[in-house]
2 protein chains.
Amino acid sequence: MTLDFSRDKPIYSQLVDRICGDILKGKLLLGDRLPSVREYAVETGVNVNTVQRVYKELEAMDLTETKRGQGTFITTNEERIVELREDMKNLLAQNFLTSIEALGFSREEMLVVLHKKS
Amino acid sequence: MTLDFSRDKPIYSQLVDRICGDILKGKLLLGDRLPSVREYAVETGVNVNTVQRVYKELEAMDLTETKRGQGTFITTNEERIVELREDMKNLLAQNFLTSIEALGFSREEMLVVLHKKS
DNA sequence: CATAGTGTACTAGACACATATTACACTATG
DNA sequence: CATAGTGTAATATGTGTCTAGTACACTATG
């Protein structure tokens, strides 16, 4: 695999985003086991410590449960996933609107651009 | 002033964004003089070197012209400003769409959220 | 020409991020 | 009980960002 990471954001943060995306898109289901830290490190071409930080963040977000000696698993709390979906959607929308305002664009002209981009 | 900066992005980058915004919103006009690096450093509560980097970035983007001993001025090339406006608009839209796709949202449901947020 | 105000350059240090390496604690398996 | 595979922890190193301080080069002004 060996993913390509953006330079303008910490790698661990980008990996958290990626996994959140996989959860929301249904690529990862409730109770699914994530790769071990060592496996995922090799897959993504990243250091084990960085993966460890990713898993720690996910657990702090209540998105995973870690069982020492067994692995890290997606939470079985479906409500949390629904909540995550809403939170991410609102965050995305809010950031978009904030950026628009910061640069002085009108909402209307942005909608036009969004519509153009297939 | 002493602005508040987000921790997830370099300060110099946030200042570049801010000035770009001021240009696009007409708060800064063609030929306007920016504060001196020292002045702006005090205004924003940031180090002189950081401001220097901001001005260097702006010049590299052809948004300013620097006259040693006189100051830094917004470019008088109006076409460049129009171009900047288009570029920023497209970048914003593209990033938004990319994020939406990464998290598995549909364009329709995002438009609904955008509409809700006054 | 002296001075004050510009931008510019350099060195040093603090901090976060990521890496590399090693070691430890727990669990399942045979 | 031995082993392999989990997560976890600690230390050291390199890089980028930001700060702090100092010094230099250029320009306008009186």
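These numbers come from a predicted model, not from an experiment. Lettering follows sequence order; numbering is per chain, from 1.
- A 4.5 Å side-chain heavy-atom check between A:Arg80 and A:Leu63 finds at least one atom pair inside the cut-off.
- Counting only Watson-Crick and G-U wobble pairs whose two key distances fall under 3.5 Å, DNA chain C forms stems of three or more stacked pairs at C:1-30 with D:1-30.
- The shortest heavy-atom contact between A:Glu65 and A:Thr76 is OE2-N, 4.3 Å.
- Of the residues near DNA chain C, B:Glu39 and A:Ser13, the one whose nearest nucleotide (by heavy atom distance) lies more toward the 5' end is B:Glu39.
- Residue-level contact check: A:Arg33 touches the backbone only, with heavy atoms under 4.0 Å from sugar-phosphate atoms and none from bases.
- Heavy-atom contacts from other residues, nucleotides or ligands closer than 6.0 Å to CD of B:Glu109 number more than 12.
- Both B:Leu84 and B:Leu28 are assigned to one and the same hydrophobic cluster, defined by single-linkage of ILVMFWY side chains at heavy-atom distances under 4.5 Å.
- Proximity note for B:Ile11 (side chain, C-beta onward) versus D:dG7, D:dT19, C:dT8: the nearest is D:dT19.
- When distances run from any side-chain atom of B:Val46 to the nucleotides C:dT21, D:dT19, C:dA25, the shortest one goes to D:dT19.
- Applying the 6.0 Å contact sphere to NZ of B:Lys25 captures more than 12 heavy atoms from other residues, nucleotides or ligands.
- Counting heavy atoms from C-beta outward, A:Val16 and A:Met61 have side chains that approach closer than 4.5 Å.
- For the OP1/OP2 pair of D:dG5 and a distance below 4.0 Å, the side-chain nitrogens and oxygens of A:Ser36 include no atom meeting the criterion.
- Near-neighbour residues of DNA chain D inside residues 48-63 of chain B, defined by a heavy atom below 4.0 Å, number-ordered: B:Asn49, B:Thr50, B:Arg53.
- What separates CG of A:Leu34 from P of D:dG7 is a distance of 9 Å, to the nearest Å.
- Remark: P of D:dC18 and OH of B:Tyr40 are 14 Å apart, rounded to the nearest angstrom.
- The side chain of A:Asn47 sits closest to C:dA20 out of C:dT6, C:dA20, D:dA25.
- The distance between atom CD of A:Glu65 and atom P of C:dT27, rounded to the nearest whole Å, is 16 Å.
- Whole-Å rounding puts the A:Lys67 NZ to C:dA28 C1' distance at 13 Å.
- The pair B:Lys89-B:Glu86 meets the salt-bridge criterion, since a charged nitrogen lies less than 4.0 angstrom from a carboxylate oxygen.
- In terms of heavy-atom proximity, A:Tyr40 sits nearest to A:Pro35 at CD1-CG, 3.9 Å.
- Between A:Val46 and A:Tyr12 the shortest side-chain heavy-atom distance does not fall below 4.5 Å.
- Following rounding to the nearest Å, A:Lys9 (NZ) and D:dG16 (C1') show an atom-to-atom distance of 18 Å.
- Among C:dA20, D:dG7, D:dT19, the nucleotide with an atom closest to any side-chain atom of A:Thr66 is D:dG7.
- In this model, a side-chain donor or acceptor of A:Arg38 finds a partner on the base of D:dG7 within 3.5 Å.
- In this structure, the side chains of A:Asn90 and B:Val113 come closer than 4.5 Å at one or more pairs of heavy atoms.
- Listed pair A:Gln70 / C:dA28 meets the phosphate criterion, a side-chain N or O lying under 4.0 Å from OP1 or OP2.
- Taking every side-chain heavy atom of B:Pro10 into account, D:dT17 is the closest of C:dC17, C:dT8, D:dT17.
- The phosphate of D:dC18 has neither OP1 nor OP2 within less than 4.0 Å of any side-chain N or O from B:Tyr12.
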